[in-house]
Protein chains: 2
Amino acid sequence: MISTKKTDLLKRTDIFASLDSKELEGLAHLAVERRFAPDEFIFWEGQPAHWFYIVQEGQVKVSKYSPSGREFIVAFFTPGEMFGEVAVFQGKPYPASACAVGETRVVGIRRDDFLSFLATHPSVSLKIIHVLGERLRSAHTRLRDLAAERAEGRLANILLMLASKLGPTLPFTRQELADMTGLTPETTIRVMSRFRDRKIVRSGRGKTTILDEAALRRIGEGLPLN
Amino acid sequence: MISTKKTDLLKRTDIFASLDSKELEGLAHLAVERRFAPDEFIFWEGQPAHWFYIVQEGQVKVSKYSPSGREFIVAFFTPGEMFGEVAVFQGKPYPASACAVGETRVVGIRRDDFLSFLATHPSVSLKIIHVLGERLRSAHTRLRDLAAERAEGRLANILLMLASKLGPTLPFTRQELADMTGLTPETTIRVMSRFRDRKIVRSGRGKTTILDEAALRRIGEGLPLN
DNA sequence: ACCCCTACATGATTTATGTCATAGAAGCCT
DNA sequence: AGGCTTCTATGACATAAATCATGTAGGGGT
């Protein structure tokens, strides 16, 4: 019995949930646990992608940086979710950087090991297709959003998307919300203040609680702020 | 020998290229050919996704509409490319609408048939993962773009992305470029006119030829126009 | 308890882009 | 050829958001 902890974790991920304990055991042999301090980077955009990861504990922020140095947050990942996989499947460098948000533990699996594992476990491929499909769908929705909505709509939609994943209380600063919407921190603060005044959210330092989801949904649909 | 035409087409798609002729033959049995007139819709966002498609001839435009009715073009697909697949893998409604650009022929495969085919052909799953990964990467790049760049940068990047797929002469109206960038037609026309004046593109009615790719690349990186 | 650093807040001003209006030009169909 | 539609073009104006500036408040560390 190698590592109950690792098999347990793997068991709790979407893509490996269907494996039996023997298969999990085999996979756990390939998995390496790594620990990261807050704000420590797990990989950088452009690096060769030798590893694919699953969040074990904490949160991981995946971002791309514009040439001017401005950050754009592509996604947040929570325990049980994989990241870094796109690059691994294609043998290309990572297309974005990954950074630990708080104290974070992840398990990594080497690209080669994972690809051979996949070759012998087709059901996992199907799960991965499912997950990638979901992410693609969400990316397209977000694209439409960035293209069509203005500040209030963008923020409303990001808040809704985050809430559907993390619950109504969101642990993000205005700066981070700005980095997810492509707005400036100032505009984000102003809009969030309007939301607060209208009792749509309650806000504290580094966190936001959604009070009126229906209102956000209306705003996100492009309807005027009342 | 059922349909040389269909097996030939299937053979030319990324995801089926590795199949042998017997497997292709089996797949061709499942495939139905359909023909669409220009501007005819193949499916609408929100419809149940019973079919998955491959472009045979012509071009397919996949768009999402904002509640105000404004179109956002998610992607263009050319012969050999699949579309409508995300919904099919998840048993959810189509997340976007697909529309024939010119006279277009596609082949469709029923969801159930395709899923069972996949179950018995793991190598195809791997190809699909590859394609989805590529699309996800491109969607993320575009997200960063919409979030970080202004009109000139957005247009430059869309032009580059389209050119890498279709060659330097692009068959799109300003309206369509606007629908891909989230800009208004007026702004698109103004920016494209500036590009024309600076000999970065040559333009005609419904088409644009890229003359100075390096300049576009600079502009797309957020560097000033100059 | 204090300080310091970071997050939040808000005003003044500028600027890019959207909006509204109008018109010329190029294809297309009869 | 003529007329109609669609695309391109351009000006005037309105406005949302960025930018610049400055100040306040809350937590964490010493």
Side-chain angles (χ1 to χ4, degrees), chain A residues 37-39 66 68-73 101-103 145-156 158-159 170-198 201-209 219 222-225, chain B residues 37-39 66 68-73 101-103 145-156 158 170-198 201-209 219 222-226:
Chain A
D39 297 323
S66 65
S68 56
R70 188 160 167 201
E71 179 177 7
F72 174 73
I73 299 177
V101 174
E103 193 66 40
D145 230 63
L146 286 179
E149 303 295 343
R150 34 190 83 255
E152 284 177 356
R154 289 194 198 182
L155 267 167
I158 275 287
L159 291 174
L170 304 172
F172 299 107
T173 64
R174 307 299 154 98
Q175 173 71 58
E176 287 170 322
L177 292 174
D179 289 337
M180 292 185 250
T181 48
L183 301 170
T184 58
E186 291 96 326
T187 299
T188 306
I189 286 170
R190 280 185 246 262
V191 172
M192 292 298 288
S193 298
R194 286 210 289 280
F195 285 175
R196 170 172 40 68
D197 295 346
R198 291 173 175 267
V201 304
R202 191 149 40 82
S203 60
R205 188 189 173 80
K207 77 172 213 270
T208 300
T209 304
I219 295 165
L223 301 176
L225 181 52
Chain B
D39 297 322
S66 66
S68 56
R70 189 160 167 202
E71 179 178 7
F72 175 73
I73 299 177
V101 174
E103 193 66 42
D145 230 63
L146 286 180
E149 302 295 342
R150 34 189 87 254
E152 285 176 354
R154 288 194 197 182
L155 267 167
I158 275 286
L170 303 172
F172 300 107
T173 64
R174 307 297 154 97
Q175 172 72 59
E176 287 171 321
L177 292 174
D179 289 338
M180 292 185 251
T181 49
L183 302 170
T184 57
E186 292 95 327
T187 299
T188 306
I189 286 170
R190 281 186 244 262
V191 172
M192 291 298 288
S193 298
R194 286 210 288 281
F195 285 176
R196 171 172 39 67
D197 295 346
R198 292 176 174 265
V201 304
R202 191 148 39 84
S203 60
R205 187 189 172 80
K207 76 175 216 268
T208 300
T209 303
I219 295 165
L223 302 176
L225 176 55
N226 159 36

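In the text below, chain A, chain B and the rest are named by the order of the sequence lines, each starting its count at 1.
- Looking at heavy atoms from C-beta onward, B:Arg174 lies in side-chain contact with B:Thr208 at the 4.5 angstrom threshold.
- If you take CZ of B:Arg196 and C1' of C:dA25, they are 13 Å apart, rounded to a whole angstrom.
- At whole-Å resolution of the value, CZ in A:Arg154 and P in D:dA17 are 8 Å apart.
- Counting heavy atoms from C-beta outward, A:Leu155 and A:Ile219 have side chains that stay 4.5 Å or more apart.
- Taking 4.0 angstrom as the limit, B:Ser193 places a side-chain polar atom (N or O) nearer than this to OP1 or OP2 of D:dA9.
- For A:Thr187, no side-chain nitrogen or oxygen approaches OP1 or OP2 of D:dA17 to under 4.0 Å.
- Side-chain atoms of B:Arg205 and base atoms of D:dT6 include a donor and an acceptor less than 3.5 Å apart.
- As rounded to whole Å, 13 Å separates atom P of C:dG11 from atom CD1 of A:Ile189.
- A:Met192 has its CE atom 13 Å from the P atom of C:dT10, to the nearest Å.
- Here the C1' atom of nucleotide D:dA9 and the CZ atom of B:Phe195 are 17 Å apart, to the nearest Å.
- The CD-C1' distance, from A:Glu186 to D:dC20, rounds to 8 Å in whole Å.
- Remark: C1' of C:dA25 and CZ of B:Arg174 are 13 Å apart, rounded to the nearest angstrom.
- Under 3.5 Å, the side chain of A:Arg190 and the base of D:dT19 form at least one donor-acceptor pair of N or O atoms.
- When rounded to the nearest whole Å, the span between CD of B:Gln175 and C1' of D:dA9 equals 14 Å.
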